[in-house]
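Remarks on the structure that follows.
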There are 2 protein chains.
Amino acid sequence: MTLAYPLDDPRAARPASALSDAFDRHGVRMAYARNEEIYAQDDAVELLYRVVRGVVRTSRVTADGRRQVGAFYYPGDLFGLEPGPDHRFGAEALDDCEILVVRRSAVRAAAGDAELDRAILEAQRLEMERLQDHVVMLGRKSARERVASFLMSIAQRGGDDHADLAMGRQDMADYLGLTIETVSRMLTQLQGEAIVAFPSSRRFEIRKWTALEALAA
Amino acid sequence: MTLAYPLDDPRAARPASALSDAFDRHGVRMAYARNEEIYAQDDAVELLYRVVRGVVRTSRVTADGRRQVGAFYYPGDLFGLEPGPDHRFGAEALDDCEILVVRRSAVRAAAGDAELDRAILEAQRLEMERLQDHVVMLGRKSARERVASFLMSIAQRGGDDHADLAMGRQDMADYLGLTIETVSRMLTQLQGEAIVAFPSSRRFEIRKWTALEALAA
DNA sequence: GCCCGCGTTTGATCTGCGTCACGGAGGGGG
DNA sequence: CCCCCTCCGTGACGCAGATCAAACGCGGGC
């Protein structure tokens, strides 16, 4: 059985223990293939999900086909806890991944209600902060700044100076509110200025942290 | 003493009673002048606020002076319950207004912890849905669509076909991620197509609901 | 190795919105 | 009543990013 929280993962200790226990005892391990749907936009909210392996993206597609990616979730992250009765964003597997799924009612039965609420509250805290930052980025940042911010956040997650992009350019674009071409251009631009280096299209290394930080605003 | 929840206000019955009671018993009524700061960006989060009269906006200003408005709050709305230890958006009075303020710890003492959490959860639900919609709007909608959505949401609040804009063009622009000029142009455009009518710059009436709905996407 | 298919990059052009500049309206104070 | 000040609308223009189009890798299958 794969360890859900690798020991070197800073998020390992994060979730409240009641919730963690519930996952361990009542969770069902599911496997999803690349681009497979985990839950659909407008599905009822009744489960909690935790990424074990792989990366998950949430997205919302408008009636006329425009897509906005809401977030990316990495191993250890909780997702699917949208506040309303049904999901306003769908969730899909970015690559092949394993997910722990638990019924909310099972968690509620296992832990005290108060404890459950607190655990969800904490996860929602992260979610809301992400949303707030996303709003500011989409509302007020240039394409260059958005791409820089994105690379920064990915790099911070890894801790190291270089990191892998789990997603392709289209997913980046849909997260950043840009087109795939603009994302690509900004990446080459940043490379040209030797701020980042891309040994391959999915792998990058930050060369000038201060320059990138300044751009990320 | 002004009645906090006018009887004809559909939001009157919304907040959980424990929280409502706490406001009534421990709340302090504060008055703020137009553009006065209620709390600052980066202030510690320790109070809960409820609008009694007037309108409040939350906003975040970046280091280089760009401003993003997060939300507008109307009488009956709870605000200030950001999830982190400190406020990522500041709050200011849009016009002269009265606010009920209560210390979180007072609420916690008055109600059971679980009850408090549930009440906050419910308010956060609204907040998160607002944020999600905001992200989609800023990421994927055109200027015309943003302005249309905004007018729709204002009109729905009033219920009636015509409504007052509590805010000026600059606040709209900063909420919609646009410039004041673009907002102005879109408004004249919509007027030109007889979709809305503006008897004065702060007051409007929707003439073609279906057309506006189609635009709001 | 070679071919094929998909994701990415790059180029050319277009356009929606931002920027800059100015004129007008409204309304509060003297 | 008039002035001034702030907010709003409009016009001309420029540019960032979208769109359209094509070429370039790179990895997998044969």
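A, B, ... follow the sequence lines: proteins, then strands. Residue 1 opens every chain.
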Distance, rounded to the nearest Å, where A:R203 contributes CZ and D:dG25 contributes C1':
19 Å

Whole angstrom value for the distance that separates C1' of D:dA18 from CG of A:L176:
15 Å

Do A:R67 and A:D171 come within less than 4.5 Å of each other through their side chains, counting heavy atoms only?
yes

Closer than 3.5 angstrom, by distance alone: can the side chain of A:D95 be matched with the main-chain N or O of A:V55 as a donor-acceptor pair?
yes

Would you list the atom pairs, donor with acceptor, under 3.5 Å between side chains in residues 32-39 of chain B and any protein atom, with sequence neighbours excluded?
residue	atom	partner	partner atom	Å
B:N35	OD1	B:R57	NH2	3.3
B:E36	OE1	B:A33	N	2.7

A:D95 CG to D:dG27 P, in whole Å, measures 17 Å

Ring geometry between B:F72 and B:Y175 (parallel below 30°, tilted from 30 to 60°, perpendicular above 60°):
tilted

Could you run down nucleotides 6-19 of chain C 5' to 3' and tag each one B, S or - for protein heavy-atom contact under 4.0 Å?
-SSBBBB----SSB

Within the 4.5 Å heavy-atom criterion, are B:M167 and B:I154 side-chain neighbours or not?
yes

So does B:A216 get a backbone contact from the side chain of B:K141, meaning a donor-acceptor N/O pair under 3.5 Å?
yes

Please report, rounded to the nearest Å, how far the C1' atom of D:dC7 is from the CG atom of B:N35.
13 Å

